[in-house]
Chemist: 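This is the structure I want to talk about, given as structure tokens.
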Amino acid sequence: MNHRSATPLRLALRLAAPDTADALAERLRPELLAALTDRFGLPEEMVETLTGPGGAALRAALGTDPAEFLIRAAETGDPVIARAVWRARYRIGPGRTGRARDLPELLPAILRAADVTDPRWEAEDGLVPLLQEEATRLELLPALTGPFPQLISFTLVQLARLLPLPVALDACIALVQLAGGKGLLAFADGVERIEDFDLGRPELLDLMRAAAADEDPESFLRERRPAGEWTDPAAVRALLRVRDTSGSGARPDTLDWALVRREHARLPFENEPSRGRHSRNRLMQLTRWEGCPEDLVMESFRAHPWATSRVAELPFEALVGPEAAAGKVAFDEALGRGLRTGRLPVDRVLAEVTPAPEVLAALPYDHEPTRKALAGLLGRLGTDPVNWLTCYARLGRARGSVAEMIDDAASATSRQKRNTSWPRPLEAVFPATPPEASRAAFLHLFQCASEEAQIAVVPHFDARAVQHLLVYGDPAPAVRDAVIAAHGVAAQAAQAASSALSPEKLAYLLDLDEPQVDANLFFHCRIDQRERERMLAGRLRGGGTRPVPEELLHVLRETNLGHYRHWLIAGLESGDLGVARTLVGRLKLRIPAARLRLLVAVWQRGGPDAVREILALDRLPVTLRRQTEKLLDAPDGLEKLRARLAAEEDPDKLLAFLNKKPGWGESQPHKLTGEGIPLPWPELIAAYHSGSLTPSAAQDLAERTDCPRELLLALLPNTPEVDRYSTAWPQLALQNGTLAPEDILTHAAPARRALTHLRHALNSEEQVADRQQLHTQAAALTTEHLDPDPEAWAVALQLLPTFAGTLPELCATAAAITRPAT
């Protein structure tokens with residue numbers, strides 16, 4: 001049994017009443033032990049020993065976090081279990097990819113419980129040799145004060161250079177307690193005999209020799225250990241992570257910055273030698289810690305300004321030093337971080353940090369104190385458009401601070417040219433593109449100004465700035481009205497050429513019913529297909545109709561049919577002659593009903609003469625043209641054309657089309673709807689119940705977002721497998737809300753697939769409410785049929801892999817088997 005096949009068992013134990021669950025766990029002990037073996041990465045007999053007798057213990061183990069279980073197992077003091085637990089780190093690692101899970105409490109638990117008199121610890125296949133062979137330096141850290149002299153010596157050789165002296169002395173004290181002064185002396189002699197090896201701590205070897213010669217080596221060492229320093233294992237581990245370039249993690253509260261500084265003075269946190277393309281800056285890792293002292297931040301910054309500015313909270317002096325002047329500061333990250341936390345004073349940033357364009361590009365404009373400070377500076381520009389135009393003209397070349405740039409623009413006595421019109425004006429672009437460089441900075445700056453200033457200045461914008469403000473800005477209604485009053489419909493049309501419009505902006509533009517605005521929305525914006533149908537029918541949002549304007553017809557002629565054929569299909573029932581001419585000229589309508597829909601709509605709106613114009617294009621099949629021409633002069637011609645359309649759209653005829661085996665490419669339902677033919681859902685549902693709709697056609701229909709709930713429920717007894725590479729229709733229906741998890745629980749079959757779909761659908765954090773509700777419903781179902789009989793539960797689990805019915809039917813069948821009628 002693996003972790004996947006164990007899922008139903010775990011679910012059963014959660015749903016069953018406690019006493020029943022305990023009995024079921026004992027009843028299925030072999031299966032449950034197999035699941036626990038896979039979960040904890042330990043041999044089955046070891047898991048059985050650790051969990052103990054009784055189903056309650058097994059059930060409790062199934063809900064235990066693997067890390068907690070391993071640590072509790074380590075506390076048994078059994079060397080065989082300890083070795084197995086240590087290796088199990090790989091089995092419970094991230095994604096089980098072979099990486100060991102970081103369990104800092106594991107080795108301390110093993111060492112605390114170890115009985116050193118048991119020779120199995122240090123045997124060839126024992127844990128101590130295994131640690132020496134494969135443990136990382138970080139994992140070995142707890143061994144410095146452990147019960148094995150051999151392991152202390154080995155670890156001290158590995159780590160002495162990287163650790164503070166108090167930590168090394170703690171290891172020496174532990175070694176003295178276990179092996180006496182002789183053991184300490186033997187270690188020092190052994191280190192000196194290692195060829196080309198330097199412990200990196202000559203003072204430590206001297207202390208060891210002096211302690212070994214003293215009458216009381218332990219007291220000698222304790223007297224020389226600084227009291228209260230590096231006593232928290234978490235602080236030592238955090239320091240070693242940085243030293244060992246294993247990342248910085250979080251800084252423990254007990255790690256005093258004065259001690260970190262002292263360690264930095266002893267052995268600087270420098271760059272690790274390059275490994276391929278990457279190197280690690282140990283000092284920079286420290287700067288990631290909250291509250292890192294400014295002197296350490298600045299030291300890292302001077303060595304690696306760009307990288308440090310991306311991860312650390314820089315002090316203000318870093319932003320005005322030579323590194324910033326040389327462009328070596330990542331303003332976009334450093335300014336936002338520092339201003340939000342309050343470490344950087346916003347007034348000084350605006351007044352002193354340079355250059356202004358980079359500062360403006362990096363400011364957090366959603367930060368109210370920043371916006372307020374900018375608004376105060378911009379008050380110097382007032383409502384004079386010349387000041388604002390001059391500010392924009394000089395923004396790209398400004399080398400001073402933001403405040404200096406604004407003061408310069410507001411000064412009427414400046415020797416530089418003052419601008420009375422927009423410099424280097426540009427037209428709007430279609431589709432709209434976000435502002436960059438000076439335009440982006442100016443847009444942010446402008447939106448911090450007073451409403452009065454904005455209203456005064458927008459008439460002087462060029463077309464591109466107008467488009468940027470309306471699309472990517474958020475002007476107040478009064479400012480927007482001022483823009484339109486000055487720049488006209490062209491501004492609204494430019495705004496419409498974007499897919500980045502908010503719902504409010506989109507509704508505003510749609511309500512205008514302006515031809516060029518509608519055309520740009522049609523071509524550049526992700527509007528609903530129903531809006532496209534409305535536009536191509538000439539229906540106005542404000543009521544009434546109009547001929548479809550040339551601007552929209554031009555869009556239809558330019559539309560890429562390979563990607564947006566459905567845009568033209570939106571005009572199939574328009575009846576507008578211009579739309580119909582464009583459709584017939586560009587599209588090859590593949591379904592007879594689609595051609596007839598177009599002709600009927602044109603006749604209804606424009607009469608038989610309009611139909612003659614469409615037929616004269618010579619783009620429709622000859623037979624259709626001849627048959628339609630015969631009807632044009634007949635009094636009941638339109639009714640006969642409608643009758644032919646009704647015959648082509650007869651549900652039986654559409655059903656036959658859907659039942660055809662599709663070739664490569666789009667499905668049969670998509671071929672119909674892609675030609676504007678609505679699906680006759682009531683008749684299709686009836687056809688499915690009668691068996692005249694093929695299963696493959698039904699599956700195609702189920703994948704549509706508009707598939708009715710009634711048909712989906714009817715299809716659930718033949719639920720497909722969960723597909724790893726695509727989303728099966730039950731998942732789509734659950735996402736769309738057409739089906740609820742309860743529907744899968746009660747109607748889906750086979751039962752195993754139903755369970756898989758439920759697990760898959762409720763696997764995200766967003767589904768907490770659904771999960772709780774489903775648990776209640778499932779518990780009610782199982783209580784009704786299976787509780788309190790563990791044998792019924794066992795039978796249900798045994799039947800599940802091959803049972804063809806639903807989950808309720810599975811429960812009822814299991815109950816019937818175990819409780820036969822008397």
Side-chain angles (χ1 to χ4, degrees), residues 529-530 532-534 536-539 545 548 556 561 565-660 662 666-687 690 692-694 697 700-701 706:
Q529 182 75 351
R530 284 170 295 185
R532 298 186 192 282
E533 292 171 358
R534 179 190 64 79
L536 295 183
R539 296 195 303 273
T545 60
V548 176
L556 289 184
L561 296 181
R565 189 176 188 273
H566 64 285
W567 290 5
L568 274 72
I569 291 297
L572 191 69
E573 295 184 83
S574 159
D576 181 270
L577 185 56
V579 172
R581 290 175 64 91
T582 305
L583 264 61
V584 171
R586 296 207 65 198
L587 295 181
K588 183 177 181 181
L589 297 172
R590 297 165 290 188
I591 308 293
R595 305 168 195 141
L596 288 168
R597 272 183 171 266
L598 182 142
L599 293 174
V600 168
V602 170
W603 196 328
Q604 289 176 160
R605 183 162 182 170
D609 288 342
V611 176
R612 286 190 177 92
E613 286 196 40
I614 298 300
L615 298 178
L617 295 175
D618 198 20
R619 293 279 297 172
L620 295 176
V622 173
T623 302
L624 175 62
R625 294 204 319 267
R626 290 174 179 170
Q627 291 175 342
T628 306
E629 286 170 350
K630 293 178 181 179
L631 300 175
L632 293 177
D633 293 325
D636 58 349
L638 178 56
E639 287 69 20
K640 290 182 178 178
L641 194 62
R642 285 175 178 154
R644 290 177 53 198
L645 172 59
E648 287 294 337
E649 290 186 340
D650 181 77
D652 290 337
K653 192 163 189 175
L654 295 181
L655 177 63
F657 182 86
L658 291 171
N659 281 334
K660 288 181 181 178
E666 56 189 356
S667 65
Q668 295 295 95
H670 186 72
K671 288 179 181 178
L672 282 180
T673 57
E675 297 279 289
I677 309 303
L679 296 172
W681 288 113
E683 290 80 3
L684 293 176
I685 294 170
S690 68
S692 56
L693 182 67
T694 64
D700 288 340
L701 291 169
D706 58 342

Chemist: For the residue pair Ala601 and Leu572, what are the closest heavy atoms and their distance?
Modeler: CB-O, 4.1 Å
Chemist: Does a side-chain N-to-carboxylate-O contact under 4.0 Å join Arg612 and Asp633?
Modeler: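 Between Asp633 and Arg612 there is a salt bridge, with a charged N closer than 4.0 Å to a carboxylate O.
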Chemist: Arg605 side chain to Ala610 main-chain N or O, any donor-acceptor pair under 3.5 Å?
Modeler: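 Looks like no, no N/O pair under 3.5 Å.
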Chemist: Taking salt bridge (Lys or Arg N to Asp or Glu O under 4.0 Å) as the cut-off, I'd like each qualifying pair that reaches into residues 622-631, sequence neighbours left out, listed once.
Modeler: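 Sorted pair list: Asp618-Arg625.
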Chemist: Any chance you could measure Leu641, atom CG, to Gln604, atom CD, to the nearest 0.5 Å?
Modeler: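 Rounded to the nearest 0.5 Å, the CG-CD separation comes out at 9.0 Å.
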Chemist: Where is the tightest heavy-atom contact between Leu536 and Trp567, given as atom of each residue plus distance?
Modeler: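 Here Leu536 and Trp567 meet closest at CD1-O, 3.6 Å.
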Chemist: Closest approach of Ile677 and Ala594, non-hydrogen atoms and distance?
Modeler: CD1-N, 3.6 Å
Chemist: Would you find a donor on one side and an acceptor on the other, under 3.5 Å apart, between the side chain of Asn659 and the backbone of Ser692?
Modeler: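 Yes, the answer is positive, given that a donor and an acceptor are paired below the 3.5 Å cut-off.
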Chemist: Can Leu654 and Leu679 be said to form a side-chain contact (heavy atoms from CB on, under 4.5 Å), step by step?
Modeler: CA-CA 8 Å; Leu654 295 181; Leu679 296 172; over 6 Å; no
Chemist: Is there a side-chain contact between Glu613 and Asp609 in this structure, where contact means two heavy atoms from C-beta onward sitting under 4.5 Å apart?
Modeler: no
Chemist: As a test of understanding, state which of Thr673, Leu583, Leu589 forms a side chain to side chain contact (heavy atoms under 4.5 Å, CB included) with Ile569.
Modeler: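 Result: among Thr673, Leu583, Leu589, Leu589 is the only option passing the side chain to side chain contact (heavy atoms under 4.5 Å, CB included) with Ile569.
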Chemist: Quick one: are Leu638 and Leu631 in side-chain contact, heavy atoms under 4.5 Å?
Modeler: no
Chemist: Show the numbers, then the answer: is there a salt bridge (Lys or Arg N to Asp or Glu O under 4.0 Å) between Glu649 and Arg597?
Modeler: CA-CA 10 Å; Glu649 290 186 340; Arg597 272 183 171 266; 2.4 Å; yes
Chemist: Taking Asp652's backbone N and O only, do any of them form a donor-acceptor pair with Glu683's side chain (distance below 3.5 Å, no angle check)?
Modeler: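 Not confirmed, Glu683 side chain does not pair with Asp652 backbone.
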Chemist: Using a 4.5 Å cut-off on heavy atoms from C-beta on, say whether the side chain of Leu556 contacts that of Arg581.
Modeler: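 Sidechains of Leu556 and Arg581: no contact.
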Chemist: What distance do Thr628 atom OG1 and Leu596 atom CG have between them, rounded to the nearest 0.5 Å?
Modeler: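 Thr628 OG1 to Leu596 CG: 6.5 Å, rounded to 0.5 Å.
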Chemist: For the residue pair Gly578 and Thr582, what are the closest heavy atoms and their distance?
Modeler: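 Where Gly578 meets Thr582 most closely, the heavy atoms are O-OG1, 2.9 Å.
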Chemist: Using side-chain hydrogen bond (donor to acceptor under 3.5 Å, both in side chains) as the criterion, point out the one residue from Arg565, His566, His670 that pairs with Glu675.
Modeler: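 That would be Arg565.
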Chemist: What is the distance from atom CG of Leu599 to atom CG of Leu632, rounded to the nearest 0.5 Å?
Modeler: 9.0 Å
Chemist: Measure the CG-NZ distance between Leu561 and Lys588 for me, rounded to the nearest 0.5 Å.
Modeler: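 The NZ atom of Lys588 is 13.5 Å from CG of Leu561, to the nearest 0.5 Å.
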Chemist: Can you check whether Val579's main-chain N or O pairs, donor with acceptor, with Asp576's side chain at less than 3.5 Å?
Modeler: yes
Chemist: Please round to the nearest 0.5 Å and tell me the distance separating atom CG of Asp700 and atom CG of Leu658.
Modeler: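 Output value for this atom pair is 8.5 Å.
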Chemist: Once you round to the nearest 0.5 Å, how far does CH2 of Trp681 lie from CG of Asp706?
Modeler: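 The CH2 atom of Trp681 sits 5.0 Å away from the CG atom of Asp706.
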Chemist: Measure across Gly538 and Val548 and return the closest heavy-atom pair with its distance rounded to 0.1 Å.
Modeler: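 Minimum heavy-atom contact is N-CG2, 3.9 Å.
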Chemist: With the side chain counted from C-beta on, respond yes when Gln529 and Glu533 share a heavy-atom pair under 4.5 Å apart, and no when they do not.
Modeler: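 Yes. Closest side-chain heavy atoms under 4.5 Å.
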Chemist: If I compare all heavy atoms of Arg532 with all of Ala570, which pair ends up nearest, and what's the gap?
Modeler: CB-CB, 3.8 Å
